[in-house]
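We count ligands from 1, going down the list as the structure has it; atoms in each ligand are counted the same way.
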Amino acid sequence: MSQLLHAIEEAKTIGISGHRRPDGDCVGACLGLYNYIKDVYPEKDVTVYLESIKEEYKFLRYSDTVNHSFTDQKELDLFVVLDCADIDRLGDYGVYLKKAKKVFCVDHHISNPGFGDFCIVEPEASSTCEILFEQFDYDKISKSCAEAIYMGIVHDTGVFKHTNTTRKTMHIAGDLIAKGLNTSHIIDDTFYRKSYAQNQILGRALIESIQLLDGKILFSIITKNMLKFYGVSGADLDGIIDQLRMTEGVECAILIYEIGLHKYKVSLRSNDYVNVSQIASGFGGGGHIRAAGCTMMGLPRDVINNLTLPIAKQMKDAGLIEASEI
Ligand code: 5GP
Ligand code: MN
C-alpha cells in the first residue's frame with residue numbers, strides 16, 4: 001500500500017487543499033483524491049478546501065461540495081496539501097495545516113523545499129495528478145476519479161506537449177483513458193475553449209507585446225483597466241503566456257498583470273535554456289524550470305527591467321547573447 005493510502009486509512013477526518021488561484025492540475029488533484037476517498041473509504045469525513053474554481057472544471061464529480069470558506073476551522077487528523085510549492089501559496093487554508101495532526105504534501109514543483117510530516121516532491125513528474133495516480137490502487141480508480149486526474153495531466157502538460165511529458169506520463173494517460181473517459185470533451189471544454197472576451201484580451205496582449213534582446217524575450221503587460229474594459233479577470237488570461245512563448249525566436253516570455261496598486265502577478269515561460277524557476281524564486285516566487293511565477297511590486301517598467309537582467313545573464317551564460325547586450 002502506498003504511503004498516502006496508509007495515512008488515509010489511519011485518519012478519520014481528512015482535509016484536502018491546494019494552491020491559491022487553483023489551476024487544472026490543482027483542482028484535478030484535489031477532486032481526484034476526494035473522489036478516490038469517497039469511492040474507496042466512504043466512512044471517512046473528508047473535505048476539499050479551495051478558492052473558487054472555474055466553471056469549466058465544474059463537470060467533475062463533487063466539485064459542488066468544495067468548501068470555499070475557511071470557517072469550520074476543524075482540527076483534522078490528516079491534511080493533504082496538493083500541487084502547492086510552499087505554505088504561503090495555501091493562502092487562508094494555512095490554518096488547517098497548523099492545526100492538523102498530520103500533514104501530507106504531494107507536489108512536483110522544483111522550488112518546493114519539502115514540508116509536512118510526509119512529503120512526496122517529484123520535480124520530474126509532469127503534474128501532481130501524475131504522482132497521485134501512482135499512489136492509488138488502479139483497480140479502485142473510478143471513472144469520475146480518472147476524469148479529474150486526466151484533466152490535471154492535460155493542463156500541466158499543455159495537452160501532452162510541454163517538455164515535462166514523459167513516456168510514463170503517456171502510459172498513465174492511457175491507463176486513465178481505459179476507464180472510459182471522453183478525452184476530447186475534457187481537452188476542448190476545459191483547456192482550449194475561450195470566451196469571446198478571452199480571445200479579445202489575448203489579441204490585445206499579442207498586439208501590444210514588446211520584444212527585447214532581438215526578440216529573444218517577449219513581454220506583455222495587462223493593466224486592471226484592460227481587465228475591466230474586456231470584463232475579464234486574471235483567471236481569463238490562461239493561454240496568453242504560451243502564445244508569447246511560441247512566437248518565433250523567443251526563448252523567454254513574460255506576462256505581467258496588475259493585481260493591485262503597483263503590484264503585478266508575473267508569469268514566466270522559457271523554451272530551451274532559461275531556468276525561469278530560478279528567476280521567479282529570486283523574487284519570492286517559484287515553479288518549474290520552464291514555467292514559473294511570482295508577484296512583484298513597482299511600476300511595470302521596473303518590474304520588466306528587474307526580470308530581464310537575470311534572464312539576460314542566464315542567456316549570456318548559455319551563449320545566446322553577448323555580454324555587451326546585457
Ligand atoms: P502561472 O504562470 O501559470 O501562474 O504559473 C506557472 C507555474 O509557476 C505554476 O506551476 C505555479 O504553481 C508557479 N507559480 C506561479 N506563481 C507563483 C508564485 O507566486 N509562487 C510560487 N512558489 N510559484 C508560483
Ligand atoms: Mn501542477
For the residue pair His108 / Ser127, report whether a side-chain donor-acceptor contact shorter than 3.5 Å exists.
no
Around [atom], find the nearest protein heavy atom and jot down its residue, atom name and distance.
{"atom": "atom 17 (C) of ligand 1", "value": "Gly293 O, 3.2 Å"}
{"atom": "atom 7 (C) of ligand 1", "value": "Ala291 O, 3.6 Å"}
{"atom": "atom 9 (C) of ligand 1", "value": "His109 NE2, 4.0 Å"}
{"atom": "atom 11 (C) of ligand 1", "value": "Arg89 NH1, 3.7 Å"}
{"atom": "atom 8 (O) of ligand 1", "value": "Ala292 CA, 3.2 Å"}
{"atom": "atom 13 (C) of ligand 1", "value": "Gly286 O, 3.6 Å"}

Please check this pair: side chain of [X] against backbone of [Y], looking for a donor-acceptor N/O pair closer than 3.5 Å.
{"X": "Tyr150", "Y": "Gly174", "value": "no"}
{"X": "Ser2", "Y": "Gln135", "value": "yes"}
{"X": "Glu258", "Y": "Lys224", "value": "yes"}
{"X": "Glu251", "Y": "Asp272", "value": "yes"}
{"X": "Gln200", "Y": "Ala197", "value": "no"}

Tell me which part of [X] gets within contact of ligand 1: side chain, backbone, both or neither, using heavy atoms under 4.0 Å.
{"X": "Asp86", "value": "side chain"}
{"X": "Ser267", "value": "both"}
{"X": "Arg269", "value": "side chain"}

For atom NZ of Lys263, is the number of surrounding heavy atoms from other residues, nucleotides or ligands below 6.0 Å larger than 12?
no
With a 6.0 Å cut-off (strictly less than), is the heavy-atom count around NZ of Lys313, excluding the residue itself, greater than 12?
no
Does even one non-hydrogen atom of Lys265 get within less than 4.0 Å of ligand 1?
yes
If you round to the nearest 0.5 Å, how far is CD of Glu122 from NE2 of His109?
14.0 Å
Ignoring waters, protein N/O/S atoms under 2.8 Å from the Mn ion (ligand 2) are Asp25 OD2, Asp83 OD1, His108 NE2, Asp156 OD2
[X] neighbourhood, listing ligand 1 atoms whose heavy-atom distance to it stays under 4.0 Å:
{"X": "Gly287", "value": "8 (O), 13 (C), 23 (N)"}
{"X": "Gly285", "value": "18 (C), 20 (N), 21 (C), 22 (N)"}
{"X": "His288", "value": "10 (O)"}

As a test of understanding, state which of Glu147, Arg61, Lys179 forms a side-chain contact (heavy atoms from CB on, under 4.5 Å) with Ser142.
Arg61
I'd like to know if Lys101 and Asp117 make a salt bridge, using a cut-off of under 4.0 Å between side-chain N and carboxylate O.
no
So, do Tyr93 and His68 have ring centers that fall under 6.0 Å from each other?
no
